[in-house]
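Chain identifiers are assigned alphabetically (A, B, ...) following the order of the sequence lines, protein sequences preceding nucleic acid strands; residue numbering begins at 1 within each chain.
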2 protein chains.
Amino acid sequence: MAGMNTDLLIRLRQALLFERLHTIPELSRTLSTSFPTIKKHLDLLIEHGEVDEEDSDVSSGGRPAKRYRSRADHTHGLALYLELDAIGYRIFDAVGTLLTNGTESVPRKHPHVPALVRLIHRLLAQDPRITFLSVGVAASVEDGKVFFAPDYPSLQQVDLKQTLESEFHLPVVVENDMNAAVVGFHEADQNRQQSLIYLYLGKNGPGSGILINGQLVRGSSHFAGEISVVPQYDKMTFGQAIANRQTTLDVRTIDAISRLTATFAATLNPHLLIFNSAEVTASDLEQIRTTTARYIPETHIPRLVRSNWETDYLNGLTRLGLQLQTEQPIKGTST
Amino acid sequence: MAGMNTDLLIRLRQALLFERLHTIPELSRTLSTSFPTIKKHLDLLIEHGEVDEEDSDVSSGGRPAKRYRSRADHTHGLALYLELDAIGYRIFDAVGTLLTNGTESVPRKHPHVPALVRLIHRLLAQDPRITFLSVGVAASVEDGKVFFAPDYPSLQQVDLKQTLESEFHLPVVVENDMNAAVVGFHEADQNRQQSLIYLYLGKNGPGSGILINGQLVRGSSHFAGEISVVPQYDKMTFGQAIANRQTTLDVRTIDAISRLTATFAATLNPHLLIFNSAEVTASDLEQIRTTTARYIPETHIPRLVRSNWETDYLNGLTRLGLQLQTEQPIKGTST
DNA sequence: AGTACTTATTAAAATATTTTAAAAAGTAGA
DNA sequence: TCTACTTTTTAAAATATTTTAATAAGTACT
């Protein structure tokens, strides 16, 4: 353990896991640290069972570099997401691969926290290798504390992170659902565009997750992304304009979404606007694009894409959990 | 020069100049570097004439720390801002204090670049201590290159940074006017709120500068902040809604601004919204606040403030110039 | 004024990191 | 298959940073 830079260990884990960097030269360049130092820290991670030395890379003209990879079986994580009458969960390995998932119903009007705690106890007993928790909820969250949860009165003002950490003695991350979704999409996106907005129309009103310059936008009073109240027409907000839509989107709804798209383009000008593929069809997207072009020049319209919201949400929770895991101090080795 | 970490030197300069940190313990904590290392690097800056050792601080219970300060007379900077028929300038010292300012008229329809180059030549001859340039322009700029400049056709697609750097062999920073203004306000703001938006109504259409999580938002196609085209009414954008306003703002204009305020609150939820005090009175602000409250809950309305746009703009250019200056490599000492 | 207590600074030793150079491991072409 | 070349890895020396402990410089109270 002597001579180890904790911060470098963390950045090393994150580079291996999230930035798809797997050779010492790559890591050395990106982390601007010399290869002897990288190698020394990598050796500790190997000794600790977190990283595996793989076969050599294909040569780029000279001696091929060895590849180092996070070991999938090093640890397990548990992601949970609260719904109105259920709690969904997913157990995954150290590289984020799904192992088990399921749902536990929660009777209507019953408080979520006790049900959550019971479920986690059961899952931990079932899989004792779980070492961190990630929780998603449709509420505004700051530092693991639930602030505003209109749909979950029993969660209001609950410090969920604190509660779960002292109950289970495991690191916990709690995040808003839209924020998790945008993180999840960003993670899976090959290009890793640095500014994207996830748009969710919703049954009980729309929401959005905003990622700018690679950072989540939370807002000064946890109100960022509450697009429902954006004024759009003489007498209607965005939320009102899309409230009466059917499954197939009508012209009025398309116009409202297009106005919102134009608004985002004229303020944040993001690379990407992501829609829930369950809510918006490919042809809707075409229409949104042409309608938006009535408001702003085509060049400035973000790329409009569809994605599976549930998948992105869960991937986001997984990603946030793994991120938390990389930040944990290394446990002392036998030496 | 042996044993000097260039990156640390830069961060040291920036902490002294911008973060109001002046003692070794403060610097050591903030830069998470040990005091011997801080002291060693500080000594180099002192030897180099960039920093002055001051009298001791007042005691906080024990031995008072010495205060270290950037020397105002170490170097001079020149900020220039392009207007339609003139170029304004300001010469300032190494801590940003104004030394000289003035304006040079440019005949209408004449290209700005040659006039700018001539003016800089004259000012450099007049004050040979100037070591860096900062240029502001009402156009979209990326990496010093002017992209879209409807008001300055002669600047379109000009790499102004490159042009000036090769002409004068001095470091140059070029920035959009609204971005400079929001940076300037942020710099002067005691609280240094991390998310703010500067709103400019303008004669030829409005604009805005957006700073989120401490970073400028530029957008994927340099279109961020182009609020003129935000759809707000059945048949009007923000730009159209405020186009016919008089000096005293009417109810319709107030409503349009309030809708924009609500839009920002419901998307970015910034701490602060800054208005040009030449365009908006204190009582206008009151009205905007109450009107905005018709659209969103009062708690989520950003703090609305008035500020002098010109001052903020120039302070922003000054700040960007000084920042550039801190990033310059140290010139070899006599040893 | 003197003493106990805080806090900053300095100096020396311990530790960590980088640089440099040599060795190892591959490819490609003669 | 040998040679020249490229790139990675290892090892040793040089350099940089941090830790530790001692010293200096103040305050507050008796």
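Contacts of B/Asn308 classified as side chain to side chain donor-acceptor pair (under 3.5 Å), with partners at least two apart in sequence or in another chain: B/Thr311.
The listed nucleotides are D/dG26, C/dA16, C/dG26; the one nearest the side chain of A/Pro64 is C/dG26.
A/Arg13 and A/Ser70 are not linked by any side-chain donor-acceptor pair at a separation below 3.5 angstrom, with hydrogens and angles left out of the test. A donor and an acceptor atom, one from each side chain of A/His76 and A/Asp93, are nowhere located under 3.5 Å apart.
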Quick one: which protein N/O atoms are closer than 3.5 Å to N/O atoms of nucleotides 18-24 of chain C? Pair and distance per line, please.
unit_1	atom_1	unit_2	atom_2	d
C/dT18	OP2	A/Ser34	N	3.1
C/dT18	OP2	A/Ser34	OG	2.9
C/dT18	OP2	A/Thr37	OG1	2.8
C/dA24	N3	A/Arg63	NH1	3.3

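In this structure, CD1 of B/Ile24 is placed 13 Å from C1' of C/dT7, rounded to the nearest angstrom. For the pair B/Leu9 CG and D/dA16 P, the interatomic distance rounds to 12 Å; values are reported in whole Å.
Atom OH of B/Tyr198 and atom CG of B/Asn179 lie 13.0 Å apart (nearest 0.5 Å). Taking CG of A/Leu21 as the reference point, atom CG of A/Leu12 lies at 10.0 Å (rounded to 0.5 Å).
Between C/dT10 and B/Lys39, a contact under 4.0 Å exists linking OP1 or OP2 to a side-chain N or O. Between C/dT17 and A/Asn5, a contact under 4.0 Å exists linking OP1 or OP2 to a side-chain N or O. For D/dT17, the OP1/OP2 oxygens have a side-chain nitrogen or oxygen of B/Lys40 closer than 4.0 Å.
Considering A/Lys145, A/Arg218, A/Lys161 in turn, A/Arg218 is the only one that fulfils the salt bridge (charged side-chain N to carboxylate O under 4.0 Å, His left out) rule with A/Glu175.
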